[in-house]
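Atoms within each ligand, like the ligands themselves, are counted from 1 in listed order.
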Amino acid sequence: MRESAVLITGANGEVGHGLIRGLSAKNSATIIALDLESLDEKLRPLCAASYVGSILDAQLMERIVSRYQLLEIFHLAALLSTRAEFTPERAHLVNVEGTHALLQLALRQGSWMAKPVKFLFPSSIAVYGLPDLETKRGGRVKEWEWTKPITMYGCNKLYCEQLGRYYADNYRQLAAERAKVTVDFRCLRYPGLISAETLPQGGTSDYAPEMIHAGARAEPYDCFVREDTTIPFMAMPDAIGALLAMADAPPERLTRRVYNVTSFSLTAGEIRDRVVSAFPGARIDFRPDGKRQKIVDTWPEDVNDDAAREDWRWTPRLDGDTAFGDYLVPEISKRYAARPPTPTGD
Ligand code: SER
């Protein structure tokens, strides 16, 4: 008899770190971690097993499911937007083919159990592609508006949202015998995330966490977007809270499969001001990189997350002031007093 478990892909990334802690604090789920890199040793005791390898390695995935019956999959592994622009073909393989393989695995696991596997998928504000700055400044964007991404990562995420919806609602819809059990696909679109524990790698919203961590270390930092650039952000505790709240929501409360979530929108200049006031040794300049700026300029200044608030009572705990005052500044200060942050792959 296989042991029931929750699988986290991309477990050593910044969301993975928080999620492992959040899941293990919340219940006694058996957590199985999978990542290309070996899991941070602090997190290993919280997991029943941690596998090093790729979601594209079919043999490895078979090995995992031969041992564990997966009840839930948090599929976090992905190449972020900046990295994906350097290797778009690889990004498509990992972000799309990898997600497809996992959806199929979820389908098979669900049919053995006669109960759908919950498939939790983080998407991103990168699915948006606003045509100009006037539209970007035009207010809170709804889930279905301006979904014309200009990056490979944005295209990948948008398509996988659709793929998840297909596997949940229409899989083999014309077959004589339709699948009795499909996949309980649930997706949230994250804004830029900021963690006190880890530094992301390969994202285009990374200027915010990079600025904060460099400021805390009193290292000079050249911000790669203009001072007036605004996108929505969320501190890591709320990102984990949102993922767990969506995972726990009773299915009858969910009116959609893809939800926007956000906490606060700040300009890069406002982030710089907060960093300088918390860490007087910070030295931050603005040296916009035209190509990365162009990507951020297509992402909305704010998103409409009314559906998440209504359906599963999403409310962020940290706003622009408390994210810095109660979480980032104290936690990052403690961390650098002890040791540098761990760079992460997603
Ligand atoms: N953080 C992501 C990126 O910059 C966007 O959601 O790629």
Element-labelled atoms of ligand 1 that are located less than 4.0 Å from some non-hydrogen atom of Ser81:
3 (C), 4 (O), 7 (O)

Which of the atoms of ligand 1 are close to Ser124, meaning less than 4.0 Å from one of its heavy atoms?
5 (C), 6 (O)

Indicate yes or no for a side-chain donor-acceptor contact from Thr298 to the backbone of Leu130 under 3.5 Å, with no hydrogens or angles considered.
no

Determine whether a donor-acceptor pair (N or O, by modelled atom type, separation under 3.5 Å) exists between the side chain of Arg44 and the backbone of Leu39.
yes

Return yes when atom CD of Glu310 has more than 12 non-hydrogen atoms of other residues, nucleotides or ligands closer than 6.0 Å, and no otherwise.
no

Heavy-atom count around Lys291 NZ within 6.0 Å, excluding the residue itself: above 12?
no

Counting only heavy atoms, which portion of Tyr207 has something under 4.0 Å from ligand 1: side chain, backbone, both, or neither?
neither

Residue among Asp132, Asp302, Asp228, Asp297 satisfying salt bridge (charged side-chain N to carboxylate O under 4.0 Å, His left out) with Arg137:
Asp228

Checking heavy-atom distances from atom 1 (N) of ligand 1 to each of Ala84, Gly202, Ser205, the winner is Ser205

Starting from atom 4 (O) of ligand 1, what is the nearest protein heavy atom, named by residue and atom, and what distance separates them?
Thr204 N, 2.6 Å

